Amino acid sequence: MESLPRIHFVELHDLDRTPPVLRTLHTESITTIYRLTDAAREYARPLARALREGADPRIVDLCAGSGGPVPLIQRRLHREGIHTSVTLTDLVPNVGAFERVEASNRRVLPSCCSVDHESSSVDATDCRVPGTRTIYGAFHHFPPALARRMLQNAVDTRSPIVIVDTKRSWLYVLLFPFFTTLAVLLAAPFQRNPLPRYLLRLVLTYLVPVLPFMMFFDSVVSFLRMYGRGELRSMVDGLDGTESFTWTIGVERGFTGAQYLIGIPRS
């Protein structure tokens, strides 16, 4: 599938007319899927590699949605003796979800591994928050021009960057949407939400199955518009000042098919 052109279509939860509460329910489901698949096991490896190569242990997570996998990754890294601080950010920050993540991590991690958030909007293509930038499961949302702007901004500010997405593969296009939809159906009763939103989740999952349909549709679109490794290489080769960074592109072995792009400023 690497040889096929990337298809840039629109995911339902990206649409401006999608109600914010529906977008929140959807991104919370994605966070649950990260837990169910133990994605942190594979997703942590590129970040650990970047940190060993000198990346800043202050992590600025871009496009964090409802918390994403980075807090789970932080816990795994802590068990491996790698200590980080995490700042959650998003263009439209879900402050309530971020605060719940912070409270949860305070209960399980010591002060050396803090989590905080930016309550104001942070544009991933023009970020000013210092630290190592991470973007997990969201880089494919950006069309090539914006994706290059994000990378160029990291180069211009000399900020290490770690991007992890799923590799583009027919296996994932054909199978993963069914898996993620099943996860939404099974996990809905166990989601931790305030009572009104919990009841709304159940209604939109079982009575009017908007959330399962949304997950299936967006999963198919996501896998079709993942960037291939050749496209990532062309992108970084075209950046102004790209020679001032060391770029590494690869795929982690495992269930999630984690494909990564690591950029570290040269000394």
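Being a predicted model, the structure only gives us computed values, none of them experimental.
Under 3.5 Å, the side chains of Asp116 and Thr87 contain a donor-acceptor pair of N or O atoms. In this model, no donor atom of one side chain and acceptor atom of the other lie less than 3.5 Å apart for His13 and Thr18. Side-chain atoms of Thr31 and Ser66 include no donor-acceptor pair closer than 3.5 Å. No donor-acceptor contact under 3.5 angstrom links the side chains of Arg106 and Ser111, judged on distance only. Looking only at atom types and distance, the side chain of Thr32 has a donor-acceptor partner in the side chain of Gln191 under 3.5 Å away. Judged by distance alone, the side chains of Arg75 and Ser104 do bring a donor and an acceptor atom under 3.5 Å apart. Judged by distance alone, the side chains of Thr24 and Arg201 never bring a donor and an acceptor atom under 3.5 Å apart.
Ionic pairing of Arg266 and Glu243 is not present here: no N-O contact between side-chain nitrogen and carboxylate oxygen is shorter than 4.0 angstrom. The residues Asp156 and Arg149 are annotated as not salt-bridged, no charged nitrogen and carboxylate oxygen being separated by less than 4.0 angstrom. Ion pairing between a basic and an acidic side chain is recognised when a charged N comes within 4.0 Å of a carboxylate O; Asp14 and Arg225 show such pairing.
With ring centers used as reference points, His8 lies 6.0 Å or more from His141.
Within a 6.0 Å sphere centred on CZ of Phe179, heavy atoms belonging to other residues, nucleotides or ligands number more than 12.
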After noting the C-alpha distance and the side-chain angles of Glu28 and Arg100, does the key distance pass the salt bridge (charged side-chain N to carboxylate O under 4.0 Å, His left out) rule?
CA-CA 12 Å; Glu28 287 175 346; Arg100 288 191 291 274; 3.3 Å; yes
Can Phe178 and Phe216 be said to form a ring pair (Phe, Tyr, Trp, His ring centres under 6.0 Å), step by step?
CA-CA 7 Å; Phe178 294 98; Phe216 184 86; 5.2 Å; yes
Tell me, with the steps shown, if Asp38 and Arg76 meet salt bridge (charged side-chain N to carboxylate O under 4.0 Å, His left out).
CA-CA 10 Å; Asp38 192 22; Arg76 178 169 288 275; 3.3 Å; yes
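Remark: Arg6 is positioned above the aromatic ring of Tyr227, its terminal NZ or CZ atom under 6.0 angstrom from the ring centre and at most 45 degrees off the axis.
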